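First up is the structure itself, then whatever we jot down about it.
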Amino acid sequence: MKRTRILDLPTCKEGSEVQISGWVDGVRALGKIAFLSIRDGTGTVQAVAKPTTSGWDLVEELSLETAISLRGILKKDERALGGVEIKATQLSIIAPSAPDYPIQPKEHSTGFLMSQRHLWIRRPLQASLLRIRSTVILAAQNHLDSLGYVRVDAPILTPTSCEGTTTLFKLDYFEKTAYLTQSGQLYNEATAHALDRVYCFGPTFRAEKSKTRKHLTEFWMLEPEAVGLGLEENISLQESLFCALIDGVLDAHEEELERRFKRDLRALKICQRPFPRMTFAEASSRLSSLGFPLDEEGDFGAQHEEELAKDVGRPFFVHHFPAAAKAFYMAPDPLDPSLSLSLDLIAPDGGGEITGGGVRIQDPNLLARRMDEEGLNRDDFSWYTDLRKYGGVQTGGFGMGIERMVRWLTGTHHVRETIPFPRTIDRLSP
RNA sequence: UCCGCGGUAGCUCAGCGGUAGAGCGGGUGGCUGUUAACCACUAGGUCGUGGGUUCAAAUCCCGCCCGCGGAGCCA
């Protein structure tokens, strides 16, 4: 008999015979009747076994996570969670599970659960998060594809840094030194000159000693880059992508977001284009009037970001950051060279900076000067400056942290739950 | 890297100078409608680690290690 996935049970007729297989999620044995909660990766269902069930003797061997196969009659029953249950006619064990399964149906600390991440992901909420992550990635690729963007991935092993050298993971590469990529941005400029509109998507590494719920040392970044993408076009692309991701997740997971994640769906549905936008200068005067002036350095702290986001109440752009605060390749504003043609997309409800991007410097002399100012060795970037030498045109783009996006969409507390196996400053396993 | 909090049973925690505790989980038995089932019994600990104070340290003091939360930095 063919196995039915629990997800598909609602399409089966009541009273029909079904066969499922999955893992024991809970057992409540009452003597001559036993209630089994069975999870198969697509859903959870209750089965009822009685002494007439073939394999009844096995009930006493069912520890948590025992893999079983079960055949029975599908019945509607108000007393079962989900409204349906299976009256088991036949039960068999596929693979036993040791009785010391560490994750109990009770509160655990996040630290403990993270140490059991390989098992924790079996829990429905965690599995759901990974499913939503998959939807977000697919929606992003579909959207970019519909706009003519070609996926061209950047290397992960790189010879030089893209931004600061202090946050690089260094490794031996035969006789040389290599670094794990911090961004595919520089390579994107090369591929944009070959294919017009491109994006890369892959793991990104930052050896930042950050301990916050928005940071991972290994995260996945989606980076579109296109010829002629000025600030205005950049904003427009980000808006459409952001909305496409919201739509994609609502299409596939609306009920789940509400029931399982208790996400306020209005916060997602109010994200209509155009998004509010403000210059860095406007943001800082707005912060002053809110009672949170920037410090002397003029830097935007976590509190500033949060107060501003609270005030705006929905995702918004901050653009024209001071040039000094941005990477060497960010183009200055021709009207005021102390400002850069850069922008960040900030989400409310603690979502924080979801994207960061801008327009790249095209002028080779200016680029050389900026590299000198940042103390970068020009020779290391010869291929990059070559792009300017041979018909270099202006490109622009941005990077979106996929985990941050998933975190915001689902209202998850910490990014570490939005990636299968998180890497943080103090966690390298499992 | 800095600041704050913590480390006691497999897990979540109480105990805070005088014989090591609870709930959950595990084991055994009971129970025909459970929903983190319930009831009874039971096993399980060099109190993170090294030193110090004391008649006596899980408890007080110092160093170190590990975890959690936050900051800076960023996506």
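Proteins get letters first, then strands, A, B, ... in listed order; numbering begins at 1 in each. Quick caveat, the model's predicted, so the values are computed rather than measured.
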Legend entry - Atom CD of A/E14 with >12 non-hydrogen neighbours under 6.0 angstrom: yes
Inset, instruction - Look at all strands and tell whether A/L216 reaches a base, only sugar-phosphate, or nothing, counting heavy atoms closer than 4.0 Å. - result: base
Inset, instruction - Name the closest nucleotide to the A/K214 side chain, picking from B/rC74, B/rA36, B/rG70. - result: B/rC74
Inset, instruction - Starting from P on B/rG10, measure out to OH on A/Y101 and report it in whole angstrom. - result: 19 Å
Legend entry - Distance-only donor-acceptor test (3.5 Å): side chain A/H215, base B/rC74: yes
Inset, instruction - Return the stacking result for B/rA75 and A/F219: yes when the ring centres lie under 5.5 Å apart and the planes under 30°, no otherwise. - result: yes
Inset, instruction - Report the C-alpha separation of A/D25 and A/R122 in whole Å, then their side-chain angles, then the decisive distance to 0.1 Å, and conclude whether the salt bridge (charged side-chain N to carboxylate O under 4.0 Å, His left out) test is met. - result: CA-CA 10 Å; A/D25 214 37; A/R122 297 183 186 188; over 6 Å; no
Inset, instruction - For B/rG23 and B/rC39, measure between their C1' atoms and round to the nearest Å. - result: 16 Å
Inset, instruction - Could you please name the partner base of B/rU46, counting Watson-Crick and G-U wobble pairs only when both distances are under 3.5 Å? - result: none
Legend entry - Whole-Å P distance, B/rA36 and B/rU46: 34 Å
Legend entry - Span that lies between the C1' atom of B/rC47 and that of B/rA9, in whole angstrom: 10 Å
Inset, instruction - Find the partner of B/rC41: check Watson-Crick (N1-N3 plus N6-O4 or O6-N4) and G-U wobble (N1-O2, O6-N3) distances, both under 3.5 Å, and reply none if neither fits. - result: B/rG27
Inset, instruction - Measure the acute angle between the ring planes of A/Y384 and A/F328, then classify it against the limits of 30° and 60° as parallel, tilted or perpendicular. - result: perpendicular
Legend entry - Separation of A/R263 CZ from A/L257 CG (nearest 0.5 Å): 8.0 Å
Inset, instruction - Measure from the side-chain heavy atoms of A/K106 and tell me the nearest of B/rG33, B/rG23, B/rC68. - result: B/rG23
Legend entry - Approximate separation, where rounding is to 0.5 Å, of A/L343 CG and A/T279 OG1: 12.5 Å
Legend entry - Nearest listed nucleotide, side chain of A/T212, among B/rG72, B/rC24, B/rU32: B/rG72
Inset, instruction - May I ask you to say what A/I354 touches in the nucleic acid, namely base, sugar-phosphate or nothing, with a heavy-atom cut-off under 4.0 Å? - result: sugar-phosphate
Legend entry - Rounded distance in Å between the P positions of B/rG67 and B/rC11: 15 Å
Inset, instruction - Grab the CZ-C1' distance between A/F205 and B/rC73 for me, whole Å please. - result: 19 Å
Legend entry - A/S109 side chain, from C-beta outward: closest of B/rA75, B/rU12, B/rG33: B/rU12
Inset, instruction - Nearest-nucleotide wise, let me know which of A/K209 and A/I33 is further upstream toward the 5' end of RNA chain B. - result: A/K209
Inset, instruction - Using the P atoms only, state how far B/rU59 lies from B/rC2, rounded to an integer number of Å. - result: 26 Å
Inset, instruction - Send over the distance from A/H304 NE2 to B/rC73 P, rounded to a whole Å. - result: 11 Å
Legend entry - Closest contact, heavy atoms only, A/L74 versus A/L9: CD2-O, 3.7 Å
Inset, instruction - Measure from the side chain of A/F35, starting at C-beta and using heavy atoms only, and say which of B/rU34, B/rG69, B/rU32 lies closest. - result: B/rU34
Inset, instruction - Classify the nucleic acid contact of A/E78 as base, sugar-phosphate or nothing, counting any heavy atom under 4.0 Å across all strands shown. - result: nothing
Inset, instruction - Return the value, rounded to whole Å, for the distance between atom NZ of A/K50 and atom C1' of B/rU34. - result: 12 Å
Inset, instruction - May I ask you to verify whether the side chain of A/R213 and the base of B/rC68 hold a donor-acceptor pair under 3.5 Å? - result: no
Legend entry - Listed nucleotide nearest any side-chain atom of A/Q46, set B/rC74, B/rU12, B/rG33: B/rG33
Legend entry - Nearest-nucleotide pick for A/E208, side chain only, options being B/rU34, B/rC73, B/rU12: B/rC73
Inset, instruction - Tell me what A/R416 touches on the nucleic acid: a base, only sugar-phosphate, or nothing, going by heavy atoms under 4.0 Å. - result: sugar-phosphate
Inset, instruction - Name the nucleic acid region contacted by A/K87, choosing base, sugar-phosphate or nothing; use a 4.0 angstrom heavy-atom cut-off, strictly under. - result: base
Legend entry - Span that lies between the C1' atom of B/rU32 and that of B/rG69, in whole angstrom: 49 Å
Legend entry - Atom-pair distance (CD on A/E61; C1' on B/rG26), nearest Å: 16 Å
Inset, instruction - Between B/rC73 and B/rG15, how far apart are the C1' atoms? Round to whole Å, please. - result: 42 Å
Legend entry - Which nucleotide in B/rU32, B/rG69, B/rC74 has an atom nearest any side-chain atom of A/H414: B/rG69
Inset, instruction - Hey, which sits more toward the 5' end of RNA chain B by its nearest nucleotide, A/M400 or A/D426? - result: A/D426
Inset, instruction - Quote, to the nearest angstrom, the P distance that separates B/rC61 from B/rU54. - result: 16 Å
Legend entry - base_contact_polar (B/rC74 base, A/S210 side chain, donor-acceptor, <3.5 Å): no
Inset, instruction - Choose from B/rG33, B/rA75, B/rA71 the nucleotide whose nearest atom is closest to any side-chain atom of A/K211. - result: B/rA71
Inset, instruction - Could you check which nucleotide pairs with B/rC60 in any of the strands shown, counting Watson-Crick or G-U wobble with both distances under 3.5 Å? - result: B/rG52
Inset, instruction - Give A/P102 one of three labels, base, sugar-phosphate or nothing, depending on what nucleic acid heavy atoms sit under 4.0 Å from its own. - result: nothing
Legend entry - Nucleotide B/rG25, atom P - distance to CG of A/L119 in whole Å: 18 Å
Inset, instruction - Quick one: pull up CZ in A/R360 and CG in A/L387 and give me the separation to the nearest 0.5 Å. - result: 12.5 Å
Legend entry - A/Y187 ring center near A/W383 ring center (under 6.0 Å): yes
Inset, instruction - Answer with base, sugar-phosphate or nothing: what part of the nucleic acid does A/D344 contact at a heavy-atom distance below 4.0 Å? - result: nothing
Inset, instruction - When you get a sec, tell me which of B/rU1, B/rG33, B/rG25 is the closest nucleotide to the side chain of A/Q104? - result: B/rG25
Inset, instruction - Report the distance from atom CZ of A/R427 to atom P of B/rC68, rounded to the nearest whole Å. - result: 5 Å
Legend entry - CD (A/E373) with more than 12 external heavy atoms under 6.0 Å: yes
Inset, instruction - Tell me what A/A29 touches on the nucleic acid: a base, only sugar-phosphate, or nothing, going by heavy atoms under 4.0 Å. - result: base
Inset, instruction - Starting at atom CZ of A/R28, determine the distance to atom C1' of B/rA36, rounded to an integer number of angstrom. - result: 8 Å
Inset, instruction - Looking at every strand, decide which applies to A/G352 at a 4.0 Å heavy-atom threshold: base, sugar-phosphate, or nothing. - result: nothing
